[in-house]
Amino acid sequence: MRHDHVLTAKQFSRADIEAVLDRAADFDRPTGDTRHTDSLLGLLFFEPSTRTKMSFEAAIKRLGGDVLDMGSVDSSSVTKGESLADTVRVIEGYADALVLRHPQQGAAKMASEFVDVPVINAGDGAGHHPTQTLLDLYSIRENAGLDDLTIGIMGDLKYGRTVHSLAQALTNFDATQHFVSPESLALPPEVRYDLDEAGAAVEEHTELAGVLPELDVLYVTRIQRERFPDENEYRAVASAYGIDRSMLEDAKDDLSVMHPLPRVDEIDPAIDDTDHATYFDQAHNGVPVRMALLDSLL
Amino acid sequence: MTQDHELRVGKIRNGTVIDHVTGGQALTVLAILDIDGSGGEEISVGMNVPSDRLGRKDIVKVEGRELSQEEVDVLSLVAPDATINIVREYEVIEKHRVERPEEVVGVLTCPNANCITTAREPVDSRFSVLEDGVRCDYCGTLIREEFADHIGVE
């Protein structure tokens, strides 16, 4: 893959995805190959992050490079009122590529219009998270394959940026996507529009039970407490979209349960030591996948 | 026949006649042009008059104003069959149909309050024009109706 910027999963073709995943498989074993010793990766995280930020940091360091971390928003010039456009133009002079997480949708796209170095979208509000999608696809390919795939995606589908990117990327493959959520958190119209445009096989549900036995993969996301004005309403919804071991008795033996993490209550920890649990391997896959991505961009 | 109906709403001396507006959309056209009468503009409006081409159509005549291309671009979204007639000294000196542009830049405000184009950043709004609406190039938000409600980017 050779793109100047990584902004949405819509830009990925099947060949792009497979090239990154194949390369990631090479990086999945320690190679000692530090081919990017002169590379500096600018980390601009305007929202909290653990996995994404640390896995990008690990990835560039394993490639021999290093990071320049803007640090927290509170300790940056953002507190002085500096625009994002100005911030990225400044950091462009220090780093070879920028990894941007920002609370506003379209932030990475706008940033890409102000700089000449690659911009990687590490999450833009409720918009997209394309590099998470690459590691999700890597994990799905390892566990279930990417064709003739039946996947359930459950939780906050409205604001879940990992869901939006994954759904778009899966249109490149022979996948049936079952979306499970409360009606108030169903897929936003723009994502559904893209899926329909791509001719994707999509079904939407409000309950998991009916579709669970068909699934090869169940991708669970956190229902975000902060989206609900009423705590009781949140609790009612959150408890209805979690899974426990007893529910998985109706699932295929090789069902893979995924989650972009962090989880709260939506996956019972009792599932962790079953063969269904994929989420920690999924998180670990962030490093080789991001190594492969950076290797193609730098 | 068409000429009779145009006469019914009065000739203008200098300005723009927007003809073949989709029936019932004249008030939306006025909203797009940011005309509500409070500015003292001289406007003639014919609504749902017979039309050979459209069955029913609206006509809007604006005295003393020629439309900008940006205004025509947005107007094309609600009145795709409209014709724009530029009038000077009672003569139509230019006449053309609106064309749907591929994109509309700097005219519509994205309805998504969390879109980067609504923040204090040096970026214009930009919408790609679809068959049945427009889509924000930054956040992907779709607008399929009520275009006039989203006009107002500086």
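Labels below follow one simple rule: chain letters A, B, ... track the order of the sequence lines, proteins then strands, and each chain is numbered from 1. As the structure is a computational prediction, the values presented were derived from the model and not from experiment.
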* Greater than 12 external heavy atoms within 6.0 Å of Glu99(B)'s CD -> no
* Quick one: pull up CD1 in Ile116(B) and CD in Gln104(A) and give me the separation to the nearest 0.5 Å. => 4.5 Å
* Asked: Top residue by heavy-atom pair count (under 4.5 Å) with chain B, among Gly81(A), Ala107(A), Gly125(A), Ala108(A)?
  -> Ala107(A)
* Asked: Are there more than 12 heavy atoms of other residues, nucleotides or ligands under 6.0 Å from atom CG of Asn48(B)?
  -> yes
* Asked: Pick from Lys10(A), His102(A), Glu113(A), His128(A): which one has the most heavy-atom pairs with chain B under 4.5 Å?
  -> Glu113(A)
* Taking only residues two or more places apart in sequence, or in another chain, which ones meet Tyr94(A) in a ring pair (Phe, Tyr, Trp, His ring centres under 6.0 Å)? -> none
* State whether the number of non-hydrogen atoms from other residues, nucleotides or ligands found under 6.0 Å of Glu42(B) atom CD is greater than 12. => no
* Can you check whether Gln105(A) reaches Asn112(B) side chain to side chain, under 4.5 Å on heavy atoms? -> yes
* Would you please go through residues 171-195 of chain A and name the residues with a non-hydrogen atom below 4.5 Å from one of chain B, in numerical order? => Pro189(A), Glu190(A), Tyr193(A), Asp194(A)
* If only atom types and distance count, is the side chain of Glu121(B) paired as donor or acceptor with the main-chain N or O of Ser83(A) below 3.5 Å? -> no
* Asked: Would you say Glu102(B) has more than 12 foreign heavy atoms packed within less than 6.0 Å of its CD?
  -> no
* Do other residues, nucleotides or ligands put more than 12 heavy atoms under 6.0 Å from Arg120(B) CZ? -> no
* How long is the gap from CG on Asp124(A) to OH on Tyr138(B), to the nearest 0.5 Å? -> 13.0 Å
